[in-house]
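First comes the structure, then the notes that go with it.
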Amino acid sequence: MAFKHLLAALNAAFPLVRGASYACNPATFSLPDTTVISASPHSNASQIGLPGTVASCGEPDLVANITADLCRVVLSVQTSPSSAVQIEAWLPDEWSGRLLSTSDGGIGGCIDYQTIQNGAYLGFASFGTNAGHNGSVGFDFFLNQPEVLNDFGHRAVHVEAETAKLVATQFYGCAASKSYYAGCSTGGRQAFQEARLYPEDFDGIIAGSPGIDWLHIVASKGIIARRIGWPYLNSSAYVRTEQWTAIVAEIVKILDPLDGVVDGIIDNPTTQRFDPAILACGTGVLNASVCLHPAQVESVRKAYEPIANTAGQIVYPSFELGSNTGVFSANQVNGTAQLSYTILQDFWLGAVYNNTGWTPMNFNETDMDFSIIVNPGRVNAGETDLSAFYKRGGKILSYHGRNDETVMSALSERLFAGVQSSLELSLDEIHSFYRLFFIPGMHHCSPGLGAWSIGNAQSYPWDYSRLDPEHNVLSALVRWVESGTAPDHIIGTKYVNDDVGGEVQSQRRHCVYPQISKWDGRGNVWRIDLIKDTEIFVHLGLPTSTLNVGTSQCIPIMLCV
Ligand SMILES: *[C@@H]1O[C@H](CO)[C@@H](O)[C@H](O)[C@H]1NC(C)=O
Ligand SMILES: *[C@@H]1O[C@H](CO)[C@@H](O)[C@H](O)[C@H]1NC(C)=O
Ligand SMILES: *[C@@H]1O[C@H](CO)[C@@H](O)[C@H](O)[C@H]1NC(C)=O
Ligand SMILES: *[C@@H]1O[C@H](CO)[C@@H](O)[C@H](O)[C@H]1NC(C)=O
Ligand SMILES: *[C@@H]1O[C@H](CO)[C@@H](O)[C@H](O)[C@H]1NC(C)=O
Ligand SMILES: *[C@@H]1O[C@H](CO)[C@@H](O)[C@H](O)[C@H]1NC(C)=O
Ligand SMILES: *[C@@H]1O[C@H](CO)[C@@H](O)[C@H](O)[C@H]1NC(C)=O
Ligand SMILES: *[C@@H]1O[C@H](CO)[C@@H](O)[C@H](O)[C@H]1NC(C)=O
């Protein structure tokens, strides 16, 4: 297997410890402030039930797949008198000498079994954490719990990284050669916080769709909902859910061709502008049941404006054109105003205001600004000063979907520019430790119309035939850290029905930012006979025939400084 060969080549650099018989029992481990809940051996290809998990983390049917002969250790680390972090360790018998730590998205609360399973398969001693609380919805765990918030905000992944090093040393009898991290969304936020606050924890970091500036990200959903008339569902300014489906389809229809290929994908939404006036009733673009009345045209215009704080400074970029608007437009249940993006309500109620009587109905910029002052658990860390991580030779491989509905991809552009300017680096210098890849047509950490599968967390199990560094970001990161070869591009794969490892539908080269990937006119552009976002395709009248994979080239673009 290609990746295994790569590992073998890299493994030559340090001794492997495979083959020993390890003592898989709690007495093997002696860790500070830690209770070893269990340590149990498991055989490859078996499954284990996970009773005790809360419903929002997958109970009652959650089953983890054992992907190597391994020792599973469950630990609880006390992080303060009133907080503890749950850690899960999967220690494969055939160890590559590497560690892989993971975290979760949203306000989770849940162990990322998918990445642990993938990691153990590849010989990593793999770790997960609940980030200090159990569950991905709710507020009880944050209410009046500043130490639990510290775990979620910045401490849990650090504790995980330190625990991982000790656990591996005590189990295998020698220290790990390299320590890696992979996370998406909140896990991507924690990735950058690690690099900034705890630069020694990891040698290599995968930061997917990073939720940096997390409080503004969450607040933006409430502010945009207010801009489109919510919670006054009968007001003339309110834009209904079904109108948004038609609005986004028109935006895609108009803007998609501008990147040179009609495939339902707006390659770079952050460089586009759109005037909703053409969607007004009377223009004939939208029919009478979904067209926009004058006050609604203004609402849509405002929805796509950037967000400023109460002092008038822009703090959050425009909602990206072509992205699904559900995070702010799915805001009623049976005719009653209610935000479907529950993270806002949960976090402001439990963490920002510590007030069970609070509701988001009047949410505005004052609430947003207040959260920045409180900054619960230091959830916003001010991530641009990565100098210590840079100096020690750490590497960051970041990726971000260009059709992200939750975390605007413009934030990754802003962060890249911010790090470059704060460290005063040339492009070559920043590329020596931080590389960013945009994935057109990928949603938030999850599938989309584009060639989204790059060995990211959301593919379990991975496509074992594409584990090489050109197709798999973890593999690319390992090669970069251990043999110095930095990735210039990653080839993403789109599978039929998003069945990872199944029939390939299309592939595309994703270039290191600030290069962009352009179809070079050779071969067909990729197949566009898709799939689930069919509404857009029906709308565009796109063909349903099968096209072959075309070729694309990386082209440098000028950045404005
Ligand atoms: C284990 O594998 C099954 C398919 O065999 C899958 O449905 C399930 O989600 C996997 N469990 C996890 C935690 O990924
Ligand atoms: C685990 O079992 C699967 C399926 O039998 C096999 O493909 C895989 O190579 C095994 N993994 C390891 C690490 O031995
Ligand atoms: C989380 O759940 C585990 C059981 O899966 C339990 O041991 C632990 O105490 C829980 N943590 C919190 C903070 O409730
Ligand atoms: C949260 O609110 C409760 C009830 O009003 C109060 O007792 C507690 O001190 C507050 N905690 C914090 C951290 O503000
Ligand atoms: C909105 O209008 C519907 C009928 O058109 C009515 O039943 C409902 O009470 C109104 N809601 C408000 C909040 O005025
Ligand atoms: C109006 O357009 C919307 C969106 O394209 C469509 O779902 C709906 O069926 C159309 N209604 C009529 C009456 O044609
Ligand atoms: C909404 O209405 C449907 C149909 O009347 C009902 O089944 C459902 O439970 C309601 N949902 C809520 C959240 O009240
Ligand atoms: C936000 O709403 C509160 C009332 O809930 C009001 O006092 C405040 O002035 C508003 N802030 C802005 C920026 O509109």
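In listed order, ligands and their atoms are each counted from 1.
By the definition of a contact as any protein heavy atom under 4.0 Å away, atom 12 (C) of ligand 7 is in contact. For atom 5 (O) of ligand 7, the protein comes within 4.0 Å by no heavy atom at all. There is no protein heavy atom closer than 4.0 angstrom to atom 9 (O) of ligand 7.
Inclusion of N44 in the set of residues having an N or O under 3.5 Å from an N or O of ligand 2 is warranted.
Ligand 2 is never approached by D69 to a heavy-atom distance shorter than 4.0 Å.
Of the residues listed (W90, Y464, Y460), the one engaging Y121 in a ring pair (Phe, Tyr, Trp, His ring centres under 6.0 Å) is Y464, and it is the only one.
Using a 4.0 Å cut-off between charged side-chain N and carboxylate O, E482 and K178 make no salt bridge.
Judged by the 6.0 Å distance and 45° axis criteria, K221 is not positioned over the aromatic ring of F328.
Checked against the 6.0 Å centroid criterion, the rings of F347 and F142 qualify as a close aromatic pair.
Interface atoms of ligand 7 facing V333, defined by a heavy-atom separation under 4.0 Å, are 12 (C), 13 (C). The ligand atoms of ligand 2 that sit less than 4.0 angstrom from a heavy atom of A68 are 13 (C).
With hydrogens left out, the protein atom closest to atom 14 (O) of ligand 7 is N334 ND2, 3.5 Å, a heavy atom.
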